[in-house]
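Just below is one structure, and these are the notes that go with it.
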Amino acid sequence: MSFTLATWNINSVRLREPIVCKLLQEEAPDVLCLQECKSPVELIPMEAFAALGYTHMVARGQKGYNGVAILSKLPIKEVGAEDFASLGHARHIAGQLENGVTIHNFYVPAGGDVPDREKNEKFGQKLDYLTEMRDWFKASSPKKSILVGDLNIAPLEEDVWDHKKLLKIVSHTPIEVEHFNDVMAAGDWHDVTRADISEGKLYSWWSYRAKDWDAADKGRRLDHVWATGDIKAAAHSSRVLRDARGWEKPSDHAPVFATFDL
DNA sequence: ATGGTCGTACAACGA
């Protein structure tokens with residue numbers, strides 16, 4: 001069995017219903033993981049997605065902020081939703097497909113502007129969130145699992161437009177990358193995207209503030225697809241749909257895809 | 001060094 005999965009920070013699922021439908025129609029992933037839905041679950045426009053064949057959904061939501069959802073053509077059952085760092089935020093949902101594969105969908109806290117937990121509570125919350133992810137995966141030893149989402153960290157030099165300029169910018173600081181790598185090691189997670197596309201700059205996010213995001217190309221790879229060691233060899237055909245950043249009323253993130261033969 | 005743009009929801013706040 002083969003299935004294609006995509007992850008996309010949509011920055012309001014209700015405002016961007018048209019481009020979610022565009023993606024589902026044109027790219028037709030079997031599973032689409034969304035972050036920053038900014039909507040209570042009951043107000044997610046499920047009927048529009050169901051009409052395109054995405055009749056299954058697991059989700060967590062809250063009014064105005066955060067929110068994660070997994071839309072699927074394949075049956076999926078919810079197998080958990082954690083509140084790491086006890087923030088009371090809708091930042092995680094886990095679902096399981098009928099082939100036994102578990103999908104974790106995460107929206108990790110952005111962490112504010114100042115990379116110092118003494119001066120910026122949000123930065124501390126981000127690090128604490130990652131530490132609790134690490135401990136949770138260490139304790140649960142995930143198998144046959146995929147982890148996707150907006151992790152709000154670009155770990156590699158080639159994941160940002162200028163490594164040296166971004167070393168003190170939240171999302172690319174050494175302490176964040178260390179926490180990121182600790183989560184990976186604790187769960188036996190492997191970076192599917194970089195296994196497929198090992199060379200060169202690769203981004204999934206471009207700020208709204210740039211005059212011309214495409215020409216300036218000051219991007220970061222904040223959105224990730226990971227797999228546990230037992231299924232990492234099944235992954236292939238990773239790509240970032242950069243075009244979607246230029247669609248009508250775009251999200252500031254582009255979708256990241258991977259296919260699994262299992 | 002600063003300011004630049006979005007979404008939510010109607011004033012800031014978060015990103």
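A note on names: the letters A, B, ... follow the listed sequences, proteins ahead of strands, and every chain is numbered from 1. In what follows, every heavy atom counts, from backbone to side chain, and hydrogens, waters and symmetry copies are set aside.
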Give every residue pair that meets the ring pair (Phe, Tyr, Trp, His ring centres under 6.0 Å) criterion with at least one member in residues 5-42 of chain A, sequence neighbours excluded.
none
A/L32 and A/Y107: same hydrophobic cluster, using ILVMFWY side-chain contacts below 4.5 Å?
no
Rounded distance in Å between the [atom1] positions of [N] and [M]:
{"N": "B/dG4", "M": "B/dC10", "atom1": "C1'", "result": "23 Å"}
{"N": "B/dA9", "M": "B/dG14", "atom1": "P", "result": "14 Å"}
{"N": "B/dA11", "M": "B/dG7", "atom1": "C1'", "result": "14 Å"}
{"N": "B/dA15", "M": "B/dG3", "atom1": "C1'", "result": "15 Å"}
{"N": "B/dA1", "M": "B/dC6", "atom1": "C1'", "result": "23 Å"}

Cluster companions of A/L166 among Ile, Leu, Val, Met, Phe, Trp, Tyr (side-chain spacing under 4.5 Å):
A/V160, A/W161, A/I169, A/Y203, A/W206, A/W213
In the hydrophobic clustering that connects Ile, Leu, Val, Met, Phe, Trp and Tyr at side-chain heavy-atom distances below 4.5 Å, which members other than A/W189 occupy its cluster, ordered by chain and number?
A/F84, A/L87, A/F106, A/V108, A/Y129, A/L130, A/M133, A/W136, A/F137, A/L147, A/L151, A/I153, A/V177, A/F180, A/V183, A/M184, A/W226
Sole residue of A/R60, A/Q35, A/H92 in side chain to side chain donor-acceptor pair (under 3.5 Å) with A/N105
A/Q35
Please name the residue in the list A/K232, A/H224, A/R221 that meets the side chain to side chain donor-acceptor pair (under 3.5 Å) test with A/D191.
A/R221
So with a 6.0 Å cut-off around CG of A/D230, is the heavy-atom count from everything else above 12?
yes
Using a 3.5 Å cut-off and no angle test, enumerate the donor-acceptor pairs between side-chain atoms of residues 42-54 of chain A and protein atoms at least two apart in sequence or in another chain.
| unit_1 | atom_1 | unit_2 | atom_2 | d |
| --- | --- | --- | --- | --- |
| A/Y54 | OH | A/P29 | O | 2.5 |

Below 4.0 angstrom, which residues in residues 153-181 of chain A have at least one non-hydrogen atom near DNA chain B?
none
Exam field: side chain A/D223 to backbone A/P255, donor-acceptor pair closer than 3.5 Å
no
Quick check on DNA chain B: between A/S12 and A/A210, whose nearest nucleotide comes earlier from the 5' end?
A/A210
DNA chain B: 5'-proximal contact among A/C37 and A/S207 (nearest heavy atom)
A/S207
What does nucleotides 9-15 of chain B look like as a protein-contact string, B for base, S for sugar-phosphate only, - for none, at under 4.0 angstrom between heavy atoms?
S----SB
Rounded interatomic separation in angstrom, taking NZ from A/K218 and C1' from B/dG3:
12 Å
What is the distance from NZ of A/K211 to P of B/dC6, rounded to the nearest Å?
13 Å
